[in-house]
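So the structure is just underneath, and the comments pick up after that.
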Amino acid sequence: MAYDRSPWKGPLEPGTLALCACGESSDKPYCDGSHARLQTGKTPHVVRVSEAKTYAICMCGTSDNRPWCDGSHKRLPAAD
Ligand code: FES
């Protein structure tokens, strides 16, 4: 898995989005179909964004509120 240690933060516009849940997308935070190509067993988080604003999206895979960041990345063990 290619999860990151920090969230993706940026503006999202209203609409329906497919957000990467497997960590393998080359277009994070969006799903690019890599989950199927690599047979990760994951499927994207399909979300309806109703408000244009800045969002923090979990990229570490440990948030209890995925796809949204809940700060869990701060509790990850230190990288080697
Ligand atoms: S590429 Fe990661 S869920 Fe689709």
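First listed ligand is number 1; within each ligand, the first listed atom is number 1. Residues: numbered from 1 along the sequence shown. Note that the structure is predicted; figures quoted are calculated from it, not measured.
For the atom pair Cys31 SG and Lys42 NZ, the distance stands at 13.0 Å (nearest 0.5 Å).
At distances below 3.5 Å, at least one donor-acceptor pair connects side-chain atoms of Ser25 with backbone N or O atoms of Tyr30. The main-chain N or O of Ser26 is found under 3.5 Å from a side-chain atom of Asp32 such that the two form a donor-acceptor pair. Asp4 contributes no side-chain N or O that, together with a main-chain N or O of Met59, makes up a donor-acceptor pair within less than 3.5 Å. The closest donor-acceptor contact from the side chain of Tyr3 to the backbone of Ala21 lies under 3.5 Å.
Contact annotation for Thr40 and ligand 1: no heavy atom of the residue comes within less than 4.0 Å of the ligand.
Protein heavy atom closest to atom 3 (S) of ligand 1, with residue, atom name and distance, is Ala21 N, 3.2 Å.
With atom 2 (Fe) of ligand 1 as the vertex, SG of Cys22 and SG of Cys20 span 100° to the nearest 10°.
Because the distance cut-off is set at 2.8 Å, Cys31 qualifies as a neighbour of atom 4 (Fe) of ligand 1 through one of its N, O or S atoms.
If you number the atoms of ligand 1 from 1 as listed, the ones under 4.0 Å from a heavy atom of His35 come out as 1 (S), 3 (S), 4 (Fe). Proximity to Asp32 (heavy-atom distance under 4.0 Å) selects the following atoms of ligand 1: 1 (S).
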